[in-house]
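Written out below as structure tokens is the structure these notes cover.
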Amino acid sequence: MKNNTSDSPVYMGLPSAKVLLPRFWVALACTLPVFILAMGPMIPGFDLSAIIEIRANHWIQFILTTPVFFWSGQFFIRRFITSIREFDFNMFTLIITGIGAAYFFSTFALLFPDQLPPSFRHGGAPPVYFETTAIIVLIVLIGQIIEQKTHGRTEEAIHALIALAPKTASRIKNRSEEIIPLEEVDLGDHLRVRPGEKVPVDGFILEGNSALNEAMITGEPLPAEKAEGDMVTGGTLNTTGSFTMEASRVGKETVLSQIIQLVENAQDSEPPAQKRADRIAAFFVPLVLAISCLTFFIWLWIGPSPAFLFALVNSVAVLIIACPCTLGLATPVSVVTSIGRGAQAGILIRDAESLENLRNVDTILIDKTGTLTEGKPSLKTTFCSAELDENELLSLAASVEQHSEHPLAKAFLQAAMQRNLSLKNTTDFIAMAGAGAKATVEGRTILIGNESLHAQHGSTIPLDIREKADHLRQKGQTVIFISHNNQMAGFFGLSDTVKSNTMTAIKAIHQMGIRIAMITGDNETTAHSIATELGIDDVHAAITPDKKQTLVHDYSTTHGKVAFAGDGINDAPALAAAHVGIAMGSGTDVAIESAGLVLVKGDLMALVRAIRLSHAFVGNVKQNLFFAFFYNSLGIPIAAGILYPFTGILLNPMIAGVAMSLSSLSVVSNALRLKRLSLEA
């Protein structure tokens with residue numbers, strides 16, 4: 001099985017976080033001194049002019065900002081050029097237009113200070129905006145590195161899925177066995193699978209029987225009994241018996257390969273911060289350019305001499321003041337604060353898109369096993385004949401099962417431990433693959449397993465016991481019969497346990513107006529039994545991984561935004577395809593890597609808290625975007641020269657500085673409010 005994922009370092013037109021990180025560190029090292037040099041004079045009592053002459057100050061800023069703009073911001077400049085060439089304005093068009101104008105105007109002012117009108121100077125020196133260029137490049141780099149790292153988790157999920165397949169297979173050829181690489185398995189090959197091994201490819205059993213752990217496909221904790229003629233799936237774990245199989249699907253045709261492909265196909269989406277900024281830029285860029293051009297022609301037409309110079313300076317000033325330096329900060333600062341608040345509430349936020357989309361979710365599809373339930377079988381019911389009491393019957397069963405590797409054995413041992421029952425001496429233990437076990441306990445022959453096992457050994461199940469067992473099956477329990485000396489002694493009912501706070505969480509989600517659908521690989525009877533108990537709206541049972549993803553798409557079409565919550569390998573395609581993928585922290589690595597949000601303790605009440613955090617986060621980002629543009633937009637008329645006819649004032653450096661400082665202060669202080677947000681009802 002080969003990895004079909006792309007190793008390309010480019011995502012959304014930008015290189016990987018690994019490539020961007022060195023540029024970030026250079027930008028950080030250069031921007032800090034530029035910021036101090038530029039903003040120092042604005043701090044009372046911090047007079048840099050006594051140490052560094054103003055011209056020298058500006059030259060140092062120029063030297064430090066140049067590599068930040070051209071090297072650290074290289075990929076942003078490329079995106080800017082592409083957007084202009086294709087007439088497709090986006091966030092990078094807006095940012096590079098503003099900081100490019102700031103950088104080149106500042107360079108011109110530094111090289112040719114005498115060419116600027118005297119009224120445009122402040123303190124005898126022309127204004128420079130190198131710190132604007134450096135700071136914005138640094139901020140945008142931070143946001144893009146976060147987005148690239150989020151995309152990189154897709155590759156981790158794919159590799160985790162690939163690791164599920166064994167590297168080799170045992171092929172039977174000419175009455176001998178040979179170990180071959182998995183890639184060399186062909187259709188029709190006969191393969192041997194021993195206990196503890198993973199099934200190499202999809203196929204059907206030719207000889208033997210066993211119990212397979214198919215949780216990666218069905219999500220169910222109970223092993224599936226397999227016999228001759230039954231289909232088996234590559235990557236599933238053979239727990240007990242040995243069998244031979246014939247390969248019917250290999251390479252890209254196996255179920256595991258198709259799951260990998262589904263995850264790959266579902267992970268290609270544009271980051272939310274960029275989409276939001278692009279929507280704003282699509283409107284704002286043409287508007288600013290139009291105002292800048294209008295400013296140029298008005299000054300050229302009615303401006304004082306030299307009219308061309310006044311027209312050029314003021315049109316460029318519009319571009320500088322219009323560039324919101326906190327645009328790149330508006331979303332990241334809220335994201336970082338929300339991540340911290342989420343961690344306190346048991347929510348791991350892996351990307352901002354999931355947190356943002358959660359606010360608009362109309363339907364949550366929830367996997368049953370490991371999400372609504374504990375994900376492991378436990379003893380629910382014990383029925384015994386008149387000859388034995390419950391504790392004695394359970395002690396006999398646990399005494400036999402202590403020698404078994406079967407997953408159900410743990411349920412008996414745990415139940416016996418909880419009742420402080422002692423285990424009896426057991427001999428002659430024999431595991432019957434796919435059926436049960438047989439042993440001698442204190443001189444009595446004990447048989448424990450399914451109906452067929454008892455029939456094979458002449459142990460008859462009375463009609464009244466059979467009827468009671470059928471009643472338990474209708475409630476979704478798995479029935480295991482037990483006999484001693486070929487006399488039916490009773491049976492046990494095992495099932496998964498609903499998590500303690502699941503009911504409370506579902507009620508809270510319903511109160512938010514969100515529909516809940518349960519999706520499971522379990523049978524119809526069990527699924528409807530649990531759904532009725534919890535008050536779930538829709539039920540989909542016996543669902544395979546690809547069908548889970550199909551259901552996500554179907555609900556997206558009919559119900560709008562859809563979230564999917566799950567914990568298993570089989571949930572990975574659906575988690576990746578949903579508007580919001582929510583994984584249980586107690587689940588598999590593949591599920592966690594495919595999800596945008598992780599509920600650390602597998603607690604559904606954390607999902608309720610996540611929805612509340614999502615509403616607060618989106619509102620906070622919108623407020624930050626307002627602050628990012630508000631103060632700068634107020635400065636545009638001043639930059640255009642509207643005050644000049646009345647006061648003789650052109651764009652004063654202090655105006656730009658105050659606008660940028662106020663917007664940054666407003667954004668940061670507003671985002672910090674999320675740290676104190678209450679997420680409880």
* Check for a donor-acceptor pair, side chain of Thr133 on one end and backbone N or O of Ile99 on the other, with a separation under 3.5 Å. => yes
Could you check Arg79 against Ile96 for side-chain contact (heavy atoms from CB on, under 4.5 Å), going step by step and ending with a plain yes or no? CA-CA 9 Å; Arg79 288 293 304 274; Ile96 297 301; over 6 Å; no
Taking every heavy atom of Ala27 against every heavy atom of Leu141, the minimum-distance pair comes out as CB-CD1, 4.0 Å
- Message: Please check: side-chain N/O of Ser83 versus main-chain N/O of Phe80, any donor-acceptor pairing under 3.5 Å?
- Response: yes
Rounded to the nearest 0.5 Å, the CG atom of Leu677 sits from the CZ atom of Arg341 at a distance of 6.0 Å
### Query
Do Val68 and Val34 touch side chain to side chain, with heavy atoms closer than 4.5 Å?
no
- Message: Measuring only between side-chain heavy atoms, which start at C-beta, is Phe75 closer than 4.5 Å to Val19?
- Response: yes
When every non-hydrogen atom of Ser354 is compared with those of Gly596, the smallest separation belongs to OG-CA, 3.2 Å
Sequence neighbours excluded, the answer for side chain to side chain donor-acceptor pair (under 3.5 Å) partners of Arg55 is none
TODO: Count the heavy atoms belonging to other residues, nucleotides or ligands that lie under 6.0 Å from CH2 of Trp71, then report whether that count exceeds 12.
DONE: yes
| query | Between the side chain of Ser614 and the main-chain N/O of Ala610, is any donor-acceptor distance below 3.5 Å? | reply | no
Margin query: Would you say that Leu597 contacts Val580 through its side chain, given a criterion of any heavy-atom pair below 4.5 Å between the two side chains?
Written below: yes
Scanning both residues in full, the closest heavy-atom pair of Leu672 with Thr337 reads CA-CG2, 4.2 Å
Quiz item: Is there a donor-acceptor pair under 3.5 Å between the side chain of Arg612 and the backbone N or O of Leu679?
Solution: yes
Practice problem: Check whether any side-chain heavy atom of Thr107 lies under 4.5 Å from a side-chain heavy atom of Phe130, and answer yes or no. | Solution: yes
Minimal heavy-atom distance between His579 and Ser556, with the atoms involved, is CE1-OG, 3.5 Å
Closest non-hydrogen atoms of Ser338 and Leu355, given as atom of the first, atom of the second and distance, are CB-CD2, 3.7 Å
Parallel, tilted or perpendicular, judged at 30° and 60°: which one describes the rings of Phe62 and Trp59? perpendicular
Value for CZ (Phe105) from OG (Ser315), rounded to nearest 0.5 Å, stands at 9.5 Å
Q. Would you call Leu64 and Pro33 a side-chain contact if the rule is heavy atoms closer than 4.5 Å?
A. yes
Side chain of Ser72, backbone of Phe24: donor and acceptor closer than 3.5 Å? no
Query raised in the report: Do Ile611 and Ile514 touch side chain to side chain, with heavy atoms closer than 4.5 Å?
Result: yes
Do the non-hydrogen side-chain atoms of Arg359 and His615 ever get within less than 4.5 Å of each other?
yes
Do Thr82 side-chain atoms and Arg78 backbone N/O form a donor-acceptor pair below 3.5 Å? yes
(message) Main chain of Pro573, side chain of Gln549: is a donor-acceptor contact present, judged purely on distance under 3.5 Å?
(response) yes
Looking only at heavy atoms, the pair that brings Ile52 and Leu37 closest together is CD1-CD2, 3.8 Å
_Greater than 12 external heavy atoms within 6.0 Å of Phe70's CZ_ = yes
